[in-house]
Amino acid sequence: MAGPLLVGLGLTLGLEHLLLKQMTTPPAAFWRRPVSARLAHVGYWCASWALCTLITQRPWFSLIVVNALWLVVLQVSHTKYVSLREPFLSQDFEYFTDAIKHPRLYIPFFGIGLTIAATTAGALAIGLGLWLEHALGFSAAYSGNAAVWLVPLISLLIGASVLTYALGNRLASKVMLVPEFDLSELGMVAYLLAYARLARRPLTPLRNPLEEAQRELDATLRELDDEDATKALPHVVSVQSESFFDARRVYPRVRDDLLPNLDRCHFTALAQGLPCGRLAVPAWGANTVRTETAFLTGLTAEELGVHQFNPYHQLARRAVPNLAASYKAMGYRTLCIHPYPGTFYLRNQVLKQLGFDEFLDIAHFSDADKSGQYISDAAVAAKVEDCLLEAGDTPLFIQVITMENHGPLHLESFDSARLPEWYDGDLPENCQELGIYLRHLVNADAMIDQLTTALARLPRGGLLCFYGDHVPIMPEVYTTLGEPNGVTDSFIWSSTLPESDDTVRQTMADVRDKDPELMEWALNCEGPFKTDEQCRKGDPRVINIDTLGSALLKATAIHARHSAVTQKFRSLS
């Protein structure tokens, strides 16, 4: 049995070199890795091979099976790195079952043909292996004494497993939580083992990043009478728009008038002194929950540690301070709308832990609501409108997570007849995904208009926070036309706050004449207003997603204080 054991070990290293050498920083040669990393790789192989051999009683067949599974992990890591600029993580193993439940989200990126070929080849290999190699228990050499092969295999399995497990803590202390760097230094096995060991440690944030903003909102409400506070609180809608970013920044031939509602809300937000502009997010191409968590909790990647890669594993088990809980404490009813199965990413468990009163998933939509592969942004906006109209006297906080612009875009048909509406000239032959993306981008922009119009019509008014979770996956477009840097776009818009300093001055003059004491209080309510010229030039600052939730709470306080001033002024009039 020493032959297949040693040959298989060498094969694992050869496959790792072949599949991962295309990374910017490929894994170091085996002999250059730390001793603990080398032992972990040997321990993994010995334990895996011994277990498979105990089950099948076929040493050479086990070599093929274990290395076939190893090849799948390496190929998936390579595909993920090409699409998302990040190698396979230990937290990604759950995506194998997700690929079975939601194949459209995963298999097209891996390759439908490659998936079919790999599945067929695996089935043939299993059939041939079982047929060609006799089981040890029935071979002439071992049939009379099973202990001759059982004892060494069991000993190898136990010894290798204990060794590999024991190395976990030592390896965990070596990683920097920069996946490509850690993989390069340790090799795939040790890197996965270290991240898996760290992922078992509970998430215990040392601070509440939303605390200051929540105190500010609390203080605002305490300054108001109970009746005034109830009336002044706005509805709050935050939209995490799938793969949304302003493509005009990267591709000059995209029409300037592509996103009129984004431009309008950017201008208004700047005039109102509210955050807007480019948004730094912790995801590139996918991994929506990283952006989602940063927005809802305000926790940075450093504070999340290894849980930054899939925070919902921890959030499904324990609650942390978050935006939904903050609004709920203020008397809001909290909803989340996401037009996809609620079990995906454990959202049905996570959102309950975070304090959302209700979660509306794909079951609340129909196939007629689709645009392309997924539920349209228009249908989601209509659902938000329905919820707002049904709210009665209770203010709502609604977190929306859209799906329309989710890839793979190449599975959709390209409407060349409408391209001139979005793009000047013809697209390169292999860049039709950009045309499909622009169509969905226009629909997301229409959603902005739909929601701002709805909020402006409501008696209590509202705030709209709109942001992109990450840039889309369009590898051929990026190769041909250039690649974005991963920054998306965002704004916070108010239906009530004045939109220019001229309006502010006029409002304050009116209040000063009616109630000087109220005027002194109002001076602290309006925030920094920019001139029209500053608004037209735009704001080049980049906002961090982990600060956007706090900014939304502060905007709620500003909106409420201004509403209270307006209501008092009207009563004086």
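This structure is a prediction, so every number in the text was calculated from the model and none was measured. Numbers here are sequence positions counted from 1.
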*Asks:* Quick one: CG on L299 to CG on L304, what's the gap to the nearest 0.5 Å?
*Replies:*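 Interatomic distance, L299 CG to L304 CG, rounded to 0.5 Å: 5.0 Å.
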*Asks:* Using the six-membered ring wherever Trp is involved, compare the ring planes of Y327 and Y332 and label them parallel, tilted or perpendicular (cut-offs 30° and 60°).
*Replies:*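 Perpendicular: the ring planes of Y327 and Y332 meet at over 60°.
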*Asks:* With the threshold set at 4.0 Å, does a side-chain nitrogen-carboxylate oxygen contact exist between E86 and K80?
*Replies:*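 Judged by the 4.0 Å cut-off on N to carboxylate O distance, E86 and K80 do form a salt bridge.
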*Asks:* Looking only at atom types and distance, does a side-chain atom of H440 sit under 3.5 Å from a main-chain N or O of L409, one as donor and one as acceptor?
*Replies:*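 Checked: no pair found.
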*Asks:* Side-chain contact, heavy-atom cut-off 4.5 Å: V477 with Y437?
*Replies:*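 No - every pair of side-chain heavy atoms lies 4.5 Å or more apart.
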*Asks:* Is L434 close to Y423 at the side-chain level, that is, under 4.5 Å between some pair of heavy atoms?
*Replies:*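 In short, these two side chains touch, coming nearer than 4.5 Å.
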*Asks:* I473 versus P408: any side-chain heavy-atom pair under 4.5 Å?
*Replies:*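 A side-chain contact is absent here, since even the closest heavy-atom pair is not under 4.5 Å.
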*Asks:* Flag the pair P339 / Y374 as yes when at least one side-chain heavy-atom distance between them is below 4.5 Å, and no otherwise.
*Replies:*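 No, their side chains stay 4.5 Å or more apart.
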*Asks:* Go through T204 and R318 one step at a time and tell me if the side chain to side chain donor-acceptor pair (under 3.5 Å) criterion holds.
*Replies:* CA-CA 9 Å; T204 53; R318 53 185 56 82; over 6 Å; no
*Asks:* When the ring planes of W284 and Y478 are compared, do they come out parallel, tilted or perpendicular, using 30° and 60° as the limits?
*Replies:*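 Correct class here is perpendicular.
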*Asks:* What do you reckon, are the aromatic ring centroids of F88 and F93 less than 6.0 Å apart?
*Replies:*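 When the ring centroids of F88 and F93 are compared, they turn out to be within the sub-6.0 Å range.
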*Asks:* Going through the distances and angles, do L360 and K383 end up as a side-chain contact (heavy atoms from CB on, under 4.5 Å)?
*Replies:* CA-CA 9 Å; L360 307 182; K383 185 69 68 176; 4.2 Å; yes
*Asks:* Look at E212 together with R215 and state whether they make a salt bridge at an N to O cut-off of under 4.0 Å.
*Replies:*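 Looking at E212 and R215, the cut-off is not met.
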*Asks:* Nearest 0.5 angstrom please: L262 CG to M447 CE, how far?
*Replies:*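 Reported value, rounded in 0.5 Å steps: 14.0 Å.
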*Asks:* Indicate yes or no: at least one non-hydrogen side-chain atom of P209 is less than 4.5 angstrom from one of D546.
*Replies:*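 The answer is no; the side chains never approach within 4.5 Å.
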*Asks:* Taking C-beta and beyond as the side chain, do Q214 and E211 meet within less than 4.5 Å on heavy atoms?
*Replies:*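 SC-SC contact between Q214 and E211 ruled out.
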*Asks:* Do the charged groups of D489 and R278 touch, with an N to O distance under 4.0 Å?
*Replies:*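 Not counted as a salt bridge, because no side-chain N and carboxylate O are separated by less than 4.0 Å.
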*Asks:* Please round to the nearest 0.5 Å and tell me the distance separating atom OG of S238 and atom CD1 of I401.
*Replies:*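 The OG atom of S238 sits 8.5 Å away from the CD1 atom of I401.
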*Asks:* If you measure from the Lys or Arg side-chain nitrogens to the Asp or Glu carboxylate oxygens, is any gap between R85 and E180 under 4.0 Å?
*Replies:*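 Salt bridge flag = no for E180 with R85.
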*Asks:* Does a salt bridge link R347 with D361, judged by any charged N lying under 4.0 Å from a carboxylate O?
*Replies:*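 A salt bridge is absent here (no side-chain N lies under 4.0 Å from a carboxylate O).
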*Asks:* When you check the gap from the basic side-chain N to the acidic O, do R439 and E412 get nearer than 4.0 Å?
*Replies:*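 E412 and R439: salt-bridged.
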*Asks:* Test L296 against Q399 for side-chain contact (heavy atoms from CB on, under 4.5 Å), laying out the working first.
*Replies:* CA-CA 9 Å; L296 289 173; Q399 169 75 355; 4.2 Å; yes
*Asks:* Using a cut-off of 6.0 Å, state whether more than 12 heavy atoms not belonging to R200 lie near its atom CZ.
*Replies:*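 No.
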*Asks:* Hey, which of D424, D256, D263 is the one that makes salt bridge (Lys or Arg N to Asp or Glu O under 4.0 Å) with R248?
*Replies:*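 That would be D263.
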*Asks:* What is the distance from atom CG of L210 to atom CG of L217, rounded to the nearest 0.5 Å?
*Replies:*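 If we round to the nearest 0.5 Å, L210:CG and L217:CG are 11.5 Å apart.
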*Asks:* Anything under 30° is parallel, anything over 60° is perpendicular, the rest tilted; go ahead and classify H338 against Y340.
*Replies:*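 Tilted, since the angle between the ring planes falls between 30° and 60°.
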*Asks:* Would you say L279 and V542 make side-chain contact, with heavy atoms under 4.5 Å?
*Replies:*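 Not in contact.
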*Asks:* Aromatic ring centroids of F466 and F244 under 6.0 Å?
*Replies:*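 Centroid separation for F466 and F244: below 6.0 Å.
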*Asks:* Do E16 and K21 sit within salt-bridge range, that is, some charged N less than 4.0 Å from a carboxylate O?
*Replies:*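 No, no charged N to carboxylate O under 4.0 Å.
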